[in-house]
Amino acid sequence: MINWNEIETKWRKVWNDSKDFETNPNEKQKKFITVAYPYPNSPQHIGHGRTYTLADVHARYYRMKGYNVLFPMGFHYTGTPVLGMAKRIQNQEKEILDGLRNVYHVPEDAIKTFVEPIKIADYFHEEIKSGMIEMGYSIDWRREFTTIVPGYQKFIEWQITTLKENGRIIQGSHPVGWCPDDGNPVSQHDTMGDVEPKIDDKNFLVKFNFGEFIFPVTTLRPETIFGVTNLWVNPNVTYKKVQVDDKVWICSEACAKKISFFEKQVEIIGEINGNEIVGKLAINHDGREIPILPADFVEPEMGTGLVMSVPAHAPKDYQALMDLKSQNHELALKIEPIPIISTPDYGEFPAKEICEKLGVSNQTDDKLEEATKDLYAKEFSDGKLNEKCSQFNNEKVQFGRDKVRSYLEEKGTLEKFPILENAPVKCRCGAECVVKILNNQWFLNYGDEEWKNLARNCFDEMNILPNNIKTEFNEVIDWLHERACARQQGLGTTLPWDKDWIVESLSDSVIYMAYYTISRFVNDGTVSPDNLTKEFFDYILLDKGDIKLAASTSKLAEDIINTMKKEFNYFYPVDSRHSGRDLVQNHLSFFVLNHVAVFEKKLWPQEIVVNGSVMMDGAKMSKSMGNIIPLRTAIRDHGADPIRLAIISSAELLQDADFNMESVTGIQSKLESLLEECSRLENTPLPELQAEDRWILSKLQSLIGTVTESVEKMRLREGLHDILFSFESDLSWYHKRVQAKDRDDINGILYKINSARVAMLSPFAPHIAEEMWQKLGNNTLASKTQWPEFSDDNVDATSIQSENLLKSTIDDIANILKVTKITPKKIVLYVTSDSTKKKIYRKMLSIMVGGQNNMGIVMKELLSNPDTADAKKMPDFVQKTIKDLHSESEEIKKMKLESDNFDEKEFLSSELCSIGKKEFGVDITVFAESDSDIYDPKGKARHARPFKPAILIE
RNA sequence: GCGGGAGUCGCCCAGCCUGGUCAAAGGCGUAGGGUUUAGGACCCUAUCUCUCAGGAGUUCGUGGGUUCGAAUCCCACCUCCCGCACCA
């Protein structure tokens, strides 16, 4: 049994002592690899470990390739979650305390300090950092920071100011979930049951004129304004007369309350009964008179408590109208639905059709919900507005809706009426949350086409791994619009020009990688945060202004400024940014958008690597399921390397990785046996190479080639599999061959093979690879050795073909034995020696190497050449050979064509006899077709073809 | 609705990017054998169908297409999973 922790601690100390991962600029080419930093409100679990592990493998690989690799890390303190946690801890809420004690195993005296939000972040910061160190991540810790240290805040102030100066920030209003009691915005962490308040801002308020009053209704479908036949009011409800700014609205009391949060002056000044309104007329946007009718389905809590009626397209409206008609309601009898949308699968009156189809009985029928949902979806996706919609005639509903919306907005008859989609949402204080429209909010104007185009430009030239996620990025860029970049609470940096606001957490984490390049100077005291002025950053990061200005405002010596500037210029741009796929829609896209908004093109990011999440035994990890394994626990129990490999080997980049114990133990035993093997091997000279030696060394070359390619493309699962598992089958064939010959001189060859394997394993499993490397007798570090180079020269084409011949011949013999079920007494092989056949074979190779395999064409070619014209006499041979070659890969065909003919008879007699005897227990004799002493009682010899010996078994 | 991903030989899952070496790796299960006092663990062999000479047939969600050739490329359809914001 390996003591993983002991080995790992040992090698971590060696790395640490030699400061291998502390990276400063030098004459070598650089790679700047970064991962999205963690938010420290819980310990990291195996899932978090994935992104960091992938990035670490990447970093370690490039280090071995000879690059000067910078792999830094920071901690994202910005935001509100720890605030909510602290509040809950202060309230002694059992749920969170239990979680801290039982799931996260936080010591009691630490929990006591958690009433202070920063203490929570500090605790988990250290916890996460320790885990990263224990995982063996090759991070330059000298550059570490949190996002609330003064230096970083200076940087963020500079960033946000620069964005504002560049015209990227605008001001406007937007809706948030809001606790009326606390007077604060609420997010997931502030609500009971941790529900995210979801705001539907596709809901609109449309105003009708009603005498001196406004008669407001809400709708999700503003385009249906053209099909309104009447309005609905609940006759049993007492409505309020409400002074809203300079107008008086009639609406429900609930509505009055809602709009009071929409930045309006709201005052209830009177009452009016629903039935008082019934039968009266209101005026729509273009002056048409619309009668007001009674309906029971109208709920005062919904919207404004008033409804507009579009009976042609809204099943509820249709049914309510029918109900009234059946009561011979005088006004209702005069009303006919006005169809305004034509939809393929429906006739003129879709609402009527669907109500009749579902057999709706009256306006309180539950089936109406389904009918409404179906019809809305169908009309949205397939419907077109008709001529009743005047200038919007022929627009598809999905586009027309927005046009109608802005048309009405301009007329002043429509405004936004955002609602809480998942209401009721309760704040932790117990109050029911509402939607509040915040005015004067600051936005990053991601909707700006010119900005989007810069981002598209950047994406086009960037390497995105895996490549198929590129379309998703394009989608996100298309779809992004203004995004709030400031909040009123939480940790972070205040807006320099508006101290009421704090820079929002997703906006202060977009170009901070630049800060890594200079943070070590702040950390070691060379400069203090006060020195980091706007002019200083302008000069260092944007090459704006000049050294004199930077020096005078920052009060720093010019040579210090120049050193820092050089360091930034050396490491920037970011060569690779790693992150989980959940950040595609926000962080990674913002990362690009902000880079293109701040930096010139040569400093734009070069690559993004996106990975999927981690499942636990096939299930999603979650606290409630109790299947979260803290990373540090896992390291302690199983070792860092086995966990790294289990994460890497279970899925390709974008797929969800499944973590399970079997794979961990499987990997442990694999590593253990490799370690044992390494301990047995010594660096002895290579023996004189035999066929199988040349073959396995060729295979090693292709292993190096494929693993290198895999790692370059971050297909780490594939690469790791090739190193650890796929190559095993080649090795076992090699051992079979060697054993059949009773050889004991292969130590040097195995040493060479395993040295390459261990070196390639090093980025994946760095600790155990060092141990193996040492056991192989090296006194250098595996992590500092050169990545094995693929070399074409070491690929022996002949040995690959001959080994294939050997295997296929053995397969053929086994196949015959299986089918015939005879017990062999004697096996005889006949190889072709016919020079005509060989000539034809080579000629066919040359014809077929381009992909040609049409019998007619091949034959024509053969006959046109006098050397191979004899093919006419052996069409059977030609046909079978086409089949043989047809199933060979292009690569092998080329190899065969390029290499000289080798002597099949000699090879098979010397190589097949030993291994064949072992396999089948009888002697194998090999004849050439033309041998004078040939033993061929059944006339099999003539069937022999190149690389396809004829076989006789007795 | 919009967007993304997936559907493979009893099950899980690779292969698809870069078409031919694919009846298709690996694991599980199943069957036979070995080892073991027994159990377990381990090792070997077999595992789509047919076939007493290395062969043939039918398979990779469904239906088309491109190609000499398709699990792999293109189109359509069906089914399942995930994300849709001011939150890290």
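Every chain is numbered from 1, with letters handed out A, B, ... down the list of sequences.
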Return the polar atom pairs (N/O with N/O) between nucleotides 53-57 of chain B and the protein under 3.5 Å, or none.
{"unit_1": "rA53(B)", "atom_1": "N6", "unit_2": "I953(A)", "atom_2": "N", "d": "3.4"}
{"unit_1": "rA53(B)", "atom_1": "N6", "unit_2": "I953(A)", "atom_2": "O", "d": "2.7"}
{"unit_1": "rA53(B)", "atom_1": "N1", "unit_2": "I951(A)", "atom_2": "O", "d": "3.3"}
{"unit_1": "rA53(B)", "atom_1": "N1", "unit_2": "I953(A)", "atom_2": "N", "d": "3.1"}
{"unit_1": "rG54(B)", "atom_1": "O2'", "unit_2": "D812(A)", "atom_2": "OD1", "d": "2.9"}
{"unit_1": "rG54(B)", "atom_1": "N1", "unit_2": "P949(A)", "atom_2": "O", "d": "3.2"}
{"unit_1": "rG54(B)", "atom_1": "N2", "unit_2": "D812(A)", "atom_2": "OD2", "d": "2.9"}
{"unit_1": "rG54(B)", "atom_1": "N2", "unit_2": "P949(A)", "atom_2": "O", "d": "2.8"}
{"unit_1": "rG54(B)", "atom_1": "N3", "unit_2": "D812(A)", "atom_2": "OD2", "d": "3.4"}
{"unit_1": "rA56(B)", "atom_1": "OP1", "unit_2": "K883(A)", "atom_2": "NZ", "d": "2.9"}

Without decimals, in angstroms, what is the distance between [X] [atom1] and [N] [atom2]?
X: L491(A); N: rA88(B); atom1: CG; atom2: C1'; result: 13 Å
X: N586(A); N: rC86(B); atom1: CG; atom2: P; result: 11 Å
X: L420(A); N: rC86(B); atom1: CG; atom2: C1'; result: 14 Å

Kindly check if the number of other-residue, nucleotide or ligand heavy atoms within 6.0 Å of CD1 (I464(A)) is above 12?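 Enclosed: over 12 neighbouring heavy atoms sit under 6.0 Å from CD1 of I464(A).
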Should the pair K713(A)-E709(A) be classified as a salt bridge under the 4.0 Å nitrogen-to-oxygen rule?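 Yes, charged N to carboxylate O under 4.0 Å.
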Is it true that E504(A) and R487(A) have a side-chain N and a carboxylate O under 4.0 angstrom from each other?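 The answer is no: the pair does not qualify as a salt bridge.
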Among [options], the one nearest [X] by side-chain distance:
X: Y39(A); options: rG83(B), rA88(B), rC87(B); answer: rA88(B)
X: A484(A); options: rA14(B), rA88(B), rC86(B); answer: rC86(B)
X: E709(A); options: rU18(B), rG15(B), rC86(B); answer: rU18(B)

Expressed in whole Å, how much space separates the [atom1] atoms belonging to [N] and [M]?
N: rU47(B); M: rG26(B); atom1: P; result: 12 Å
N: rC11(B); M: rC60(B); atom1: P; result: 15 Å
N: rG57(B); M: rG1(B); atom1: C1'; result: 47 Å
N: rG7(B); M: rA71(B); atom1: P; result: 15 Å
N: rC16(B); M: rC74(B); atom1: C1'; result: 14 Å
N: rU66(B); M: rU72(B); atom1: C1'; result: 14 Å
N: rU62(B); M: rG27(B); atom1: C1'; result: 29 Å
N: rG5(B); M: rC9(B); atom1: P; result: 23 Å

Taking side-chain hydrogen bond (donor to acceptor under 3.5 Å, both in side chains) as the test, write out the residues that go with Y37(A), two or more places apart.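 With neighbours one apart ignored, the set is Y152(A).
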Can you list the residues that meet the side-chain contact (heavy atoms from CB on, under 4.5 Å) rule with P117(A), with sequence neighbours excluded?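 P117(A) satisfies side-chain contact (heavy atoms from CB on, under 4.5 Å) with V82(A), L83(A), A86(A) only.
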Who are the side-chain contact (heavy atoms from CB on, under 4.5 Å) partners of I816(A), not counting sequence neighbours?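 I816(A) satisfies side-chain contact (heavy atoms from CB on, under 4.5 Å) with T820(A), I951(A), I953(A) once adjacent residues are dropped.
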My understanding is that only residues two or more places apart in sequence, or in another chain, count here; which of them pass ring pair (Phe, Tyr, Trp, His ring centres under 6.0 Å) with Y446(A)?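 Scan of Y446(A) (ring pair (Phe, Tyr, Trp, His ring centres under 6.0 Å), adjacent residues dropped) gives W451(A), F590(A).
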What protein N or O atoms touch nucleotides 41-50 of chain B N or O atoms at under 3.5 angstrom, if any, and at what distances?
none

